[in-house]
Protein chains: 2
Amino acid sequence: MERTKSKNEELINLLGMKGSYEILKELEKGNKRFKDLKKVVTHSTLTKRLFELEKFNLIARKVDESRRPPVVEYILTEKGKEILEFFRKFRE
Amino acid sequence: MERTKSKNEELINLLGMKGSYEILKELEKGNKRFKDLKKVVTHSTLTKRLFELEKFNLIARKVDESRRPPVVEYILTEKGKEILEFFRKFRE
DNA sequence: CTGGATCCGGTGTGATACTG
DNA sequence: CAGTATCACACCGGATCCAG
């Protein structure tokens with residue numbers, strides 16, 4: 001019964017997890033920093049989701065190392081936009 | 001932080017839950033009965049998913065009452081097909 | 001500010017037993 | 001055959017504390 005999940009199925013699981021959709025929607029409005037995204041999801045959940053969303057290339061990290069402390073921005077990728085577009089279709 | 005989820009978000013959650021994708025893919029091959037679907041997911045999980053998938057009109061139940069015991073078939077709806085189509089796009 | 005590590009409680013999952 | 005009920009367990013999410 002246990003099967004190895006395809007990349008596709010893992011992506012679906014990720015989208016279903018808490019915070020994923022909220023983060024993507026927020027980034028759609030424009031690039032956001034960690035502290036901004038915390039308004040939308042919990043700290044620990046945010047940490048985990050950001051890591052996974054980046055792994056699937058739905059978001060990208062932009063780090064400015066020249067600043068102290070470094071400034072990190074999260075950006076919605078094209079793939080991320082596509083996914084958001086799709087789910088809009090199923091609104092009623 | 002806690003918000004009431006939109007129908008759309010609930011649908012995403014459902015798709016991310018265990019068994020949803022497996023059931024839809026299986027029904028894509030043709031109508032299936034409860035016992036057939038058990039090959040794909042656990043008994044208890046199957047019960048829950050079928051109920052929720054039907055609630056969102058991704059699948060439909062067809063019952064033949066004339067038979068003893070009644071024969072129940074599950075069918076993939078148009079909406080269910082659309083969803084499967086989309087996720088195919090994200091294959092690599 | 002941007003995380004990581006940990007602990008703890010709630011919830012989905014799985015196995016099993018039971019019913020019509 | 002097609003479910004329902006129950007219970008134990010694993011895992012996810014939330015809160016808190018720590019670090020660069």
Side-chain angles (χ1 to χ4, degrees), chain A residues 1-5 9-27 30-56 58-76, chain B residues 1-5 9-27 30-56 58-76:
Chain A
M1 190 86 86
E2 275 313 312
R3 298 166 27 263
T4 49
K5 290 188 176 178
E9 290 171 272
E10 285 179 28
L11 173 57
I12 301 176
N13 287 139
L14 172 55
L15 293 176
M17 285 193 237
K18 196 153 197 172
S20 298
Y21 194 51
E22 288 75 9
I23 294 173
L24 293 180
K25 275 196 301 188
E26 196 64 16
L27 290 180
N31 301 352
K32 289 285 161 66
R33 301 184 55 188
F34 191 85
K35 72 165 196 289
D36 300 321
L37 292 170
K38 273 206 294 187
K39 291 166 191 166
V40 155
V41 254
T42 308
H43 182 127
S44 60
T45 302
L46 181 55
T47 306
K48 296 166 193 166
R49 279 315 91 77
L50 287 175
F51 177 77
E52 295 157 341
L53 289 170
E54 192 194 356
K55 181 176 141 195
F56 278 90
L58 267 46
I59 65 172
R61 270 170 62 101
K62 196 176 84 180
V63 187
D64 184 352
E65 293 284 4
S66 70
R67 307 275 298 278
R68 286 279 94 181
V71 174
V72 182
E73 269 191 353
Y74 292 92
I75 305 144
L76 189 62
Chain B
M1 189 87 87
E2 274 312 313
R3 300 166 24 262
T4 48
K5 291 188 178 180
E9 290 172 272
E10 285 180 29
L11 173 58
I12 301 176
N13 288 139
L14 172 56
L15 294 176
M17 285 194 241
K18 196 155 195 171
S20 299
Y21 193 53
E22 288 75 9
I23 294 173
L24 293 180
K25 276 196 301 188
E26 196 64 18
L27 290 180
N31 300 351
K32 290 284 161 65
R33 303 182 55 185
F34 191 87
K35 71 160 195 291
D36 301 321
L37 293 171
K38 274 204 295 186
K39 292 165 190 164
V40 155
V41 258
T42 309
H43 186 132
S44 58
T45 301
L46 181 56
T47 306
K48 296 166 195 164
R49 279 313 91 78
L50 287 176
F51 178 77
E52 297 157 341
L53 288 171
E54 192 194 357
K55 181 177 141 195
F56 278 89
L58 266 46
I59 65 172
R61 269 169 62 100
K62 194 176 87 180
V63 187
D64 184 351
E65 293 285 4
S66 70
R67 307 275 298 278
R68 286 283 92 180
V71 173
V72 182
E73 270 190 352
Y74 292 91
I75 306 145
L76 189 62

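All chains are named by letter (A, B, ...) in the order of the sequence lines, taking the proteins before the strands, and each is independently numbered beginning at 1. The basis for the numbers below is simple: all heavy atoms, side chains too, and nothing from hydrogens, waters or symmetry mates.
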Open item on the list: When you measure from the side chain of Asp64(B) to the backbone of Pro70(B), do you find a donor-acceptor pair of N or O atoms at a distance under 3.5 Å?
Closed with: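 Judged by distance alone, no pair lies under 3.5 Å.
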May I have the distance from [X] (atom [atom1]) to [N] (atom [atom2]), rounded to whole angstrom?
X	N	atom1	atom2	answer
Glu52(B)	dT11(C)	CD	C1'	13 Å
Asn31(B)	dC1(D)	CG	C1'	17 Å
Leu46(A)	dC1(C)	CG	P	13 Å
Asn13(B)	dG12(C)	CG	C1'	12 Å
Arg49(B)	dA2(D)	CZ	C1'	18 Å
Lys32(A)	dC1(C)	NZ	C1'	17 Å
Lys18(B)	dC9(D)	NZ	C1'	13 Å
Glu10(B)	dG12(C)	CD	C1'	16 Å

- [ ] Dot-bracket for DNA chain D, please, read 5' to 3', with Watson-Crick or G-U wobble pairs under 3.5 Å on both distances, ( ) within the strand, [ ] crossing, | other strand, . unpaired.
- [x] ||||||||||||||||||||
Task: Per-nucleotide protein contact string for nucleotides 2-7 of chain C, where B marks a base within reach and S marks sugar-phosphate only (heavy atoms under 4.0 Å, - for neither) - done: SBB---
Report the residues that fulfil salt bridge (charged side-chain N to carboxylate O under 4.0 Å, His left out) with [X], sequence neighbours left out, ordered by chain and then residue number.
X	value
Glu54(A)	none
Glu26(A)	Lys29(A), Lys32(A)
Glu10(B)	none

Task: From NZ (Lys48(B)) to NE2 (His43(B)), nearest 0.5 Å - done: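 Going from NZ on Lys48(B) over to NE2 on His43(B), the span is 10.5 Å.
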- [ ] May I ask you to decide whether Arg49(A) forms a salt bridge with Glu52(A), counting only side-chain N to carboxylate O separations under 4.0 Å?
- [x]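 Looking at Glu52(A) together with Arg49(A), the answer is yes, because their closest N to O distance falls below 4.0 Å.
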Task: Residue whose closest nucleotide on DNA chain D lies nearer the 5' end, Pro69(A) versus Thr45(A) - done: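 So the residue in question is Thr45(A).
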Task: Contacts of Leu50(A) that satisfy side-chain contact (heavy atoms from CB on, under 4.5 Å) - sequence neighbours left out - done: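 Listed in chain order: Ile23(A), Phe34(A), Leu37(A), Leu46(A), Ile59(A), Tyr74(A).
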Open item on the list: Test of understanding: with side-chain contact (heavy atoms from CB on, under 4.5 Å), list the residues that count as partners of Ser44(B), not counting sequence neighbours.
Closed with: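 With neighbours one apart ignored, the set is Thr42(B).
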Task: Atom of Thr45(A), atom of Lys18(A) and distance for their closest heavy-atom approach - done: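 Result for this residue pair: CG2-O, 3.5 Å.
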